[in-house]
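To find a chain, count down the sequence lines: A is the first, B the second, and so on, and within it residues start at 1. Just so you know, these numbers use all the heavy atoms, side chains as well, and skip hydrogens, waters and symmetry mates.
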2 protein chains.
Amino acid sequence: MLVGMTATKEDGRRARGQRSREVILAQAVALASVHGLDGLTLGRLAEAAGVSKSGFFAHWRDKEELQLDAIAWAHRQWVDLIVRPALLEPAGLRRLLALHEHRIRFYTDGILPGGCFFFAAQVEYDDRSGPVREAVARALSDWLAFLERLVAEAVALGELPEGTDTAQLAYEIDALGETSVTHARLLRHGDDEPRAYAMARRAVLHRLRGLATDPSLLPEG
Amino acid sequence: MLVGMTATKEDGRRARGQRSREVILAQAVALASVHGLDGLTLGRLAEAAGVSKSGFFAHWRDKEELQLDAIAWAHRQWVDLIVRPALLEPAGLRRLLALHEHRIRFYTDGILPGGCFFFAAQVEYDDRSGPVREAVARALSDWLAFLERLVAEAVALGELPEGTDTAQLAYEIDALGETSVTHARLLRHGDDEPRAYAMARRAVLHRLRGLATDPSLLPEG
DNA sequence: CAACTTTAAGAACGATCGGTCGTTCAGATA
DNA sequence: TATCTGAACGACCGATCGTTCTTAAAGTTG
C-alpha cells in the first residue's frame, strides 16, 4: 500500500462510529439543556439517538466521560454560533455588543430545546465536585475571560474610558444575558416573543452607550 | 365539654406530626437547593430528616405534593429574610437597595447549602410543565412584580426620574443579583469571599446612583 | 482467506427510584 | 375502659438507573 497518499481513505467502520458518536453527542447536549447534565439519562439518550443503551458503551467508558465530551461539544457550538460571528465585527464596543446580541439570538432561535446548555450545567454543578464540575467551571471562566478581553480592547481603543473595571463590566453583561433564558421561558405570555430577551438586549445596549466615549458607535436604544 | 373555649386544645399526636413536617420541609428545601427539586430524592430526604421513607407518606400524598409545599416553605423563608427586613428601610431607592443587599446577604451567609432554592428551581423547571412549574413561575412573577413596585415607589417619590421603565430596571436588578450565586460558587479562589457577590452589589448600587435624582441618598460605591 | 478489531445489540446485573402494604404504637374520644 | 385516629415503621413492589457480559455482524489487516 502506498503510504502517504490519500490519507483520508474511507473507513466504513470508523466513519460509521464517528457519525453515531456525533449524533449521540448532539442529542446529549440537547437533552442536557432540558434535563441537566445529571438528569440526562442513558435510556432517554439512547432512545432519542436511535441506538441501544449498551451500544453506547462502545464509545464512552461511562456516563461521566460522555458528560465531559458533551461539554466540549457544547463549547464548540457556542464558539461557532456566538463567538466567531462576533469576531467579524470591528474590535471594541461594536464587537462587544455583537457578542451579546448573538448570544440572545442563540436563545431566541431555539437552537437548543432547553435554551442554554451551559447555564443549566452551571446551576446544576456549582455545588458539587469532580471532573464535570471542573469542566463547567473552566467553561464559565473562559467565557468571562473572553468577555473581559473584549472590554479591555474597547478601553485600549479609547471607546471606553481609561480605568474601566473590566471584570465588573464583563460580569454585568453576562448576568444580564444569562438571566433572560429562564425569565423568558417561565413567564411566556401567549405566542409573542418574551419580553425578557428585549430587556436583556436593551440593558446591555444602554449600559454600553452610557459608558462609551462616543455613543454614536452604537445603535440608538 | 365546653364548646368554644380553648379551641386550641393540645393534640400531642398532631403536634408531633407538625413538628416533623416542619423538619422534613426544611431539609427538603435545603436538599433541593443543592440537587434541585427533581433531583431531590425521598431516600436522601428521609435519611437527612431522620425519618423512614414510608413515614413520609403520612404527610404527603406523593413527591409532587411535597415539592409544592417546599416551594411555599422556601417562599416564606425568602419573605422573612429578604423582603420583610427591606421593608424596614424608608420607601424608595434606599428600600430598593436594601432588598438587593439582603438578597446578597442571604447568599453570603450560606443560609441554604445550595445557595438559592428558587434559582435552582427556575432553571430546572423553565422547560417543563405541570403544577410544580406553575408554582415556580408564580414565585418568580411575584418577586419581579414586587421589585417593580419598589421601583415605581421610588419614581412616585421623585427619587427616580419620571418615565423610568420599571419592568426593565426590575429585570436588571434581579439579573445582577441572581447570577452572583452560580459565579461565586463555581469560581471560588481560596477562602476569600468570592468576587461575584461584590460585583453584584456594586453593579446595582452604581446603576441606582446613576439614575437617582439625588445620589446622596445612597452610599458611595 | 484467516485473524483481528470495531460497532452495536440483547440480556441481565445490583442499586436505587417513587410508591404501597400491613402493622405498631401513642394519644384523643366516647 | 373500649374504640378510634394519626404518625411512623419495615418490608416489599415494579420501574428505571448506570453498567457489564456475551454475542454477532461488519470492516480492516496480514
Side-chain angles (χ1 to χ4, degrees), chain A residues 1-3 5-25 27-28 31-32 34-70 124 128 130-132, chain B residues 1-3 5-25 27-28 31-32 34-70 124 128 130-132:
Chain A
M1 178 190 291
L2 296 178
V3 178
M5 99 173 260
T6 59
T8 59
K9 183 157 192 301
E10 308 264 348
D11 180 335
R13 231 177 8 190
R14 295 205 128 140
R16 193 160 52 105
Q18 194 56 34
R19 196 157 38 90
S20 49
R21 216 179 120 93
E22 198 68 22
V23 169
I24 293 175
L25 274 178
Q27 281 292 339
L31 283 177
V34 175
H35 301 280
L37 259 178
D38 202 68
L40 174 65
T41 241
L42 294 190
R44 266 199 291 250
L45 176 58
E47 196 189 353
V51 298
S52 76
K53 219 171 65 166
S54 54
F56 156 92
F57 288 92
H59 302 282
W60 293 276
R61 189 187 327 244
D62 52 26
K63 189 182 176 182
E64 186 177 284
E65 247 193 20
L66 170 80
Q67 291 172 320
L68 293 172
D69 270 9
E124 198 177 5
R128 306 193 189 183
V132 176
Chain B
M1 175 191 293
L2 294 178
V3 179
M5 96 172 265
T6 60
T8 58
K9 184 153 192 307
E10 307 267 348
D11 186 331
R13 256 180 338 191
R14 294 205 128 140
R16 193 158 51 104
Q18 195 56 33
R19 199 156 37 89
S20 50
R21 217 180 120 92
E22 198 67 21
V23 170
I24 294 176
L25 275 178
Q27 280 293 339
L31 283 177
V34 175
H35 301 282
L37 259 177
D38 202 69
L40 174 65
T41 243
L42 296 189
R44 265 200 290 252
L45 175 58
E47 197 189 352
V51 298
S52 75
K53 217 174 66 170
S54 53
F56 156 91
F57 289 93
H59 301 283
W60 293 277
R61 189 188 323 247
D62 52 26
K63 189 182 176 181
E64 186 178 282
E65 247 193 20
L66 171 80
Q67 291 172 320
L68 293 172
D69 270 8
E124 198 177 6
R128 306 192 190 184
V132 176

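With hydrogens and angles ignored, the 3.5 Å screen pairs a side-chain donor or acceptor of B:Q67 with a backbone N or O of B:L37.
For B:K63 and C:dG19, the NZ to P distance is 8 Å, given to the nearest whole Å. Between B:R21 atom CZ and D:dG6 atom C1' there is a gap of 13 Å when expressed in whole angstrom units. We find that CH2 of A:W60 is positioned 18 Å from C1' of D:dT20, with the value rounded to whole Å. Straight-line distance from the CD atom of A:E65 to the P atom of D:dT19: 10 Å, rounded to whole Å. Put simply, CD1 on A:I24 is 9 Å from P on C:dA9, counting in whole angstrom units. Rounded to an integer number of Å, the gap from CZ of A:F56 to P of D:dG18 is 9 Å.
Separation of atoms CG (B:L42) and CZ (B:F57) is listed at 5.5 Å; rounding is to 0.5 Å. The line from CZ of A:R44 to CD of A:Q27 is 12.5 Å long, rounded to the nearest 0.5 Å. Atoms CZ and CG, on A:F56 and A:L45 in that order, are 7.0 Å from each other to the nearest 0.5 Å.
Of the residues in residues 34-51 of chain B, those placing a heavy atom less than 4.0 Å from an atom of DNA chain D are B:V51, in numerical order.
For the pair A:L68 and A:W60, the minimum side-chain heavy-atom distance is 4.5 Å or more. Side-chain contact between A:E65 and A:D62 is present, with at least one heavy-atom pair separated by less than 4.5 Å. Residues A:L66 and A:L40 have side chains in contact (heavy-atom distance under 4.5 Å, counting atoms from C-beta outward). No side-chain heavy atom of A:D69 sits under 4.5 Å from any side-chain heavy atom of A:H59.
At least one side-chain nitrogen or oxygen of B:H59 sits closer than 4.0 Å to the OP1 or OP2 atom of D:dA8.
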Review point. Just by protein heavy atoms under 4.0 Å, how would nucleotides 20-25 of chain C read 5' to 3' in B, S and -?
Key: B-----
